Amino acid sequence: MNESAPAPIVPQGFGPSTTERLPLPEREAMSEAQFAAARAIIEGPRKALFGPFVPLLQTPQLMECIGRTGEVLRFGGTLPDRVRELEIGRASCR
């Protein structure tokens, strides 16, 4: 059996800490609304729950709205993929 290596632990923020700022709650600790919102993100084009969606999970309705908005902008736009990703990268460097 070939086991994949664990994902590397990446420091968060500006310091060397690898502790998550706000860890993703266990499924059993999520409300039905939180679980539904998380499932929508995971089953969408992102395929995972990460970044700003972890704290947004505290307000599932807002997370769903922001998630749908981001999907339209990133995955439903008319710019060619290379141009869109270049602009996203450029905007995040500001």
Side-chain angles (χ1 to χ4, degrees):
M1 189 170 186
N2 186 7
E3 292 185 34
S4 61
I9 298 174
V10 179
Q12 294 192 8
F14 295 106
S17 175
T18 56
T19 304
E20 291 186 72
R21 293 180 186 179
L22 183 61
L24 187 62
E26 295 292 327
R27 163 60 187 117
E28 296 77 30
M30 288 186 197
S31 69
E32 289 302 314
Q34 287 175 316
F35 181 71
R39 189 177 64 225
I41 295 292
I42 292 167
E43 291 176 354
R46 290 180 182 86
K47 306 293 181 211
L49 190 65
F50 55 89
F53 295 106
V54 175
L56 282 170
L57 192 55
Q58 301 302 311
T59 311
Q61 185 179 8
L62 178 60
M63 183 177 124
E64 289 176 359
C65 291
I66 290 174
R68 285 192 306 269
T69 301
E71 281 182 28
V72 170
L73 292 173
R74 185 167 202 167
F75 303 108
T78 58
L79 290 175
D81 292 348
R82 286 184 59 192
V83 174
R84 183 189 64 245
E85 292 301 322
L86 176 66
E87 189 55 32
I88 290 169
R90 195 173 79 96
S92 67
C93 292
R94 293 181 186 164

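It should be emphasised that the depicted structure is a prediction, and the values quoted were computed from it without experimental measurement. Keep in mind that the numbers below use all heavy atoms, side chains included, and drop hydrogens, waters and symmetry copies.
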Inset, instruction - Measure the CD-CZ distance between Glu32 and Arg39 for me, rounded to the nearest 0.5 Å. - result: 8.5 Å

Inset, instruction - Could you go through the salt bridge (charged side-chain N to carboxylate O under 4.0 Å, His left out) check for Glu87 and Arg84 one step at a time? - result: CA-CA 5 Å; Glu87 189 55 32; Arg84 183 189 64 245; over 6 Å; no

What side-chain donor-acceptor pairs closer than 3.5 Å can you find for residues 53-74, not counting sequence neighbours?
{"unit_1": "Thr69", "atom_1": "OG1", "unit_2": "Cys65", "atom_2": "O", "d": "2.9"}
{"unit_1": "Arg74", "atom_1": "NE", "unit_2": "Glu85", "atom_2": "OE2", "d": "3.2"}
{"unit_1": "Arg74", "atom_1": "NH2", "unit_2": "Glu85", "atom_2": "OE1", "d": "2.6"}
{"unit_1": "Arg74", "atom_1": "NH2", "unit_2": "Glu85", "atom_2": "OE2", "d": "3.1"}

Inset, instruction - Please name the pair of heavy atoms, one in Ala48 and one in Ile41, separated by the smallest distance, quoted to 0.1 Å. - result: O-CG2, 3.4 Å

Legend entry - Partners meeting side chain to side chain donor-acceptor pair (under 3.5 Å) with Arg82 (sequence neighbours left out): none

Legend entry - Same cluster (ILVMFWY, side-chain, under 4.5 Å), Ile42 and Phe75: no

